[in-house]
There are 2 protein chains.
Amino acid sequence: MKDEQIEALAKILKSMSHPIRLKILCLLQNRELSVGDIRKQVETTNANISQHLNILRAQGIIDFRKEANFIYNRITDKRILEMIVKMQKLFCPDHKE
Amino acid sequence: MKDEQIEALAKILKSMSHPIRLKILCLLQNRELSVGDIRKQVETTNANISQHLNILRAQGIIDFRKEANFIYNRITDKRILEMIVKMQKLFCPDHKE
DNA sequence: CAGGAATTACAGTATTCACTAAAATAAGCA
DNA sequence: TGCTTATTTTAGTGAATACTGTAATTCCTG
């Protein structure tokens, strides 16, 4: 594994390694959600969620779609989805699909 | 996925998300290595590597074995090994075993 | 026991990160 | 247009992180 690849992967892991961001990614696993939807399941402010979403967007992990004055977010990087599935299997053996 | 599990997983990801630590984990994938061995492949000081190893130990990801005045490190958490394998497949498709 | 190699522990500093609060933008609706 | 809702942006602060350099520790070897 080349150093450049390690650097790139470390960045991705870093952006996933915050509890709020990791939870957002789990929530987005099967569906797209607005900031408000996420807000209902994560205890923090909308502004804070927006900031975390920005970090995930900058990393190219998620994308968004605008509808009325809602913004629906979804995971674009299939590799991230695969990683989340794998991590759930490894670290939450009782997880149900 | 429960919040506690997410918190725990986020911590693990965080400890893996530093380029030096991620490289160390890749190096330890198939063998055990001393600080000096690692030093030869990572451009930094021994003290710095030692500190990063401490972080991985505190997280329970790696373990060590003492022999003479060398300390050999190895990955203890099989789940971490599986994750590294998965990540290599996902992010380094040209990777050869 | 003295010398040296390998590793760790301990400050100090500089950078990065996370959260809060407040202001700004955008879009629907009366 | 004015009001409300949804989201983003910005600025500021306190905390966490990373690296450097140096001192301390451990343990082999002669």
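The basis for the numbers below is simple: all heavy atoms, side chains too, and nothing from hydrogens, waters or symmetry mates. Chain A is the first sequence line, chain B the second, and so forth, proteins listed ahead of strands; every chain is numbered from 1.
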With a 4.0 Å limit, can you tell me whether [X] has a side-chain N or O closer than that to the phosphate oxygens OP1/OP2 of [N]?
X     : N      : value
A/K14 : C/dC17 : yes
B/T45 : C/dT7  : no
B/S34 : C/dT7  : yes
A/H52 : C/dC19 : yes
A/N54 : D/dT9  : yes

Going by atom types only, do [X] and [Y] share a side-chain donor-acceptor pair under 3.5 Å?
X     : Y     : value
A/R65 : A/N73 : no
A/N48 : A/T45 : no
B/Q5  : A/Q88 : no

ask   = Touch check for A/R39, heavy atoms < 4.0 angstrom, all strands: base, sugar-phosphate only, or nothing?
value =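 Contact class for A/R39: none.
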
Rounded distance [0.5 Å steps], CD1 in B/I62 versus OG1 in B/T76 =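 Going from the CD1 atom of B/I62 to the OG1 atom of B/T76 covers 8.0 Å.
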
inquiry  = Would you compute the distance between atom CE of B/M83 and atom CE of A/M87 and round it to the nearest 0.5 angstrom?
reply    = 5.5 Å

Within-4.5 Å side-chain heavy-atom neighbours: A/I75 and A/D63 = no

Name the pairs: protein N/O against N/O of nucleotides 10-12 of chain D, kept only if under 3.5 Å.
from	atom 1	to	atom 2	distance (Å)
D/dT10	O4	A/Q51	NE2	2.9

message = Within the supplied structure, the quantity of interest is the number of heavy atoms (other residues, nucleotides, ligands) at a distance under 6.0 Å from B/R74 CZ; does it exceed 12?
response =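 No, because the 6.0 Å sphere around CZ of B/R74 holds 12 heavy atoms or fewer from other groups.
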
query = Do any of residues 56-69 of chain A sit with a heavy atom less than 4.0 Å from DNA chain D, and if so which?
reply =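 Within this stretch, A/R57, A/N69 sit under 4.0 Å of the strand.
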
